[in-house]
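To keep things clear, I will list the structure first and then write my remarks on it.
Residue numbers run from 1 in the order of the sequence given. Heavy atoms only: backbone and side chains are in, while hydrogens, waters and symmetry mates are out. Each ligand, and each atom within it, is numbered from 1 in the order the structure gives.
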Amino acid sequence: MATNLRTPSFASSSSTSTDTDDEGVRGTCEDASMCKRFAVSIGYWHDPYIQHFVRLSKERKAPEINRGYFARVHGVDQLIKAFLRKTECQCQILNLGAGMDTTFWRLKDEDLLPSKYFEVDFPMIVTRKLHSIKVKPFLSQPIIELHADDTLQIDGHFLDSKRYAIVGADLRDLPELEEKLKKCNINPQLPTLLITECVLVYMTPEQSANLLKWAANSFETAMFINYEQVNMDDRFGQIMIENLRRRQCDLAGVETCKSLESQKERLLSNGWETASAVDMMEVYSKLPQAEVSRIESLEFLDEMELLEQLMQHYCLCWATKGGNELGLKEIVY
Ligand SMILES: C[S@@+](CC[C@H](N)C(=O)[O-])C[C@H]1O[C@@H](n2cnc3c(N)ncnc32)[C@H](O)[C@@H]1O
């Protein structure tokens, strides 16, 4: 039932999903947000919001993991801001598999919000995120502030407001996804940035291809940012796969993570006009020198080789469609 976000009481609502097969995949949300929170807690980057979504890990994360997360968040942020600059914020952002991502709140603080920001994740994850939003004014106030009307559409796994919407849906069920986004007034004519940060790899190649095709066909002018594994055919990649499998998490889409070429090829063969990809070592090497000095002074890392290996197994890819007049194709990392 729809309730008003201004009403502080929270009636817990159970998710409609009874599927336990995706438990391992949903668990990656906790992993990613705990790693981000840990890195933030020791000063890698500023994010006052993440602590409201996830507890602080009792275990210290390794320095190479923290640096990896820094490069990931920095890299994705850079591309998001490039899109926002090109469109002068007259656009929408659709974060698919957003987990506990805090980009909406961080962009608001920088006065860089798009016309509307949408998030999608499994209903169970969305229920958790919404609970945090409802009980913490620090999270709900920015949404309320931007919402002119009195009533906000909100229930256990759905919230729709003027500038922010979050919906619980399975990204492999495209008719359901589309229907829910339409309910939140997604606009196919507005330049749209879609983001999948460590998400596609949990779907089969066919399912991620369908999602990419759907995205390319749904929006006239669009950009897609994808962050995930690459170079997974080697020994290091195989160990990553085995470690995750032991935690009941299958990388069903790992086949597409063979190389930067296979990543670009997937985008180009599913309706996208341009595609680019860089591994995270390249992203790291292009960080401003002052930032590198700052983060490298936070913790001692004795095995630079380990960092390099890790960074060579993740990549940032982006694709565009239309938007010549905006200069979307000129976006480079
Ligand atoms: C590794 S986490 C990343 C979360 C977030 N993008 C980040 O980087 O912090 C992967 C997220 O994708 C979501 N996800 C994976 N497959 C999905 C699907 N088929 N439908 C909806 N969400 C999915 C998971 O629930 C999880 O929140």
Residues Glu178, Lys182: salt bridge by 4.0 Å N-O rule:
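Yes, charged N to carboxylate O under 4.0 Å.
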
Between the side chains of Arg26 and Asp121, is the shortest nitrogen-to-carboxylate-oxygen separation below 4.0 Å, so that they form an ion pair?
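No, this pair does not count.
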
Is it the case that ligand 1 has an N or O less than 3.5 angstrom from some N or O of Asp121?
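Yes, there is a polar N/O contact under 3.5 Å.
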
Would you say Thr28 has any N or O atom under 3.5 Å from an N or O of ligand 1, going by distance alone?
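For ligand 1, there is no N or O atom that lies under 3.5 Å from one belonging to Thr28.
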
Where the side chain of [X] meets the backbone of [Y], is there a donor-acceptor pair that is under 3.5 Å apart?
| X | Y | value |
| --- | --- | --- |
| Lys136 | His52 | yes |
| Arg163 | Leu146 | no |
| Asp47 | Ile50 | yes |

Can you list the ligand 1 atoms lying under 4.0 Å from a non-hydrogen atom of Asp170?
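Under 4.0 Å from Asp170, ligand 1 has these atoms: 18 (C), 19 (N), 20 (N).
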
Report the part of [X] in contact with ligand 1, treating N, CA, C, O as backbone and CB onward as side chain, heavy atoms under 4.0 Å; options are side chain, backbone, both, neither.
| X | value |
| --- | --- |
| Met100 | neither |
| Ile125 | side chain |
| Ala169 | backbone |
| Arg72 | side chain |

When you measure from the centre of the six-membered ring of Tyr44, is the NZ or CZ of Lys36 closer than 6.0 Å and no more than 45° off the axis?
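Negative - Lys36 is either too far from the ring of Tyr44 or too far off its axis.
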
May I ask you to establish whether Lys286 and Tyr333 are in a cation-pi arrangement, using a distance under 6.0 Å from NZ or CZ to the six-membered ring centre and at most 45° from the ring axis?
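Here Lys286 fails the 6.0 Å and 45° test against Tyr333.
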
Closest by any non-hydrogen atom to atom 10 (C) of ligand 1: pick that one out of Cys29, Gly99, Ala252, Cys198.
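Among Cys29, Gly99, Ala252, Cys198, the closest heavy atom to atom 10 (C) of ligand 1 belongs to Cys198.
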
Tell me which one of Ala32, Ser33, Ala98 gets a heavy atom nearest to atom 5 (C) of ligand 1.
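Checking each option, the heavy atom nearest atom 5 (C) of ligand 1 is found in Ala98.
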
Could you tell me the residue and atom name of the protein heavy atom closest to [atom], and the distance to it rounded to 0.1 Å?
| atom | value |
| --- | --- |
| atom 15 (C) of ligand 1 | Val25 CG1, 3.4 Å |
| atom 7 (C) of ligand 1 | Lys36 NZ, 3.4 Å |
| atom 4 (C) of ligand 1 | Gly97 O, 3.4 Å |
| atom 14 (N) of ligand 1 | Phe122 CE1, 3.8 Å |
| atom 3 (C) of ligand 1 | Glu197 O, 3.4 Å |
| atom 20 (N) of ligand 1 | Leu171 N, 2.9 Å |

Using the ring centroid of each side chain, check whether Trp272 and Phe224 are separated by less than 6.0 Å.
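Yes - the distance between ring centres of Trp272 and Phe224 falls below the 6.0 Å cut-off.
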
Does the side chain of Arg128 reach to within under 4.5 Å of the side chain of Glu30, using non-hydrogen atoms?
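Sidechains of Glu30 and Arg128: in contact.
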
Do Ile154 and Phe122 sit in the same hydrophobic cluster, where Ile, Leu, Val, Met, Phe, Trp and Tyr count as joined when their side-chain heavy atoms come under 4.5 Å apart?
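Per the 4.5 Å side-chain linkage, Ile154 and Phe122 are co-clustered.
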
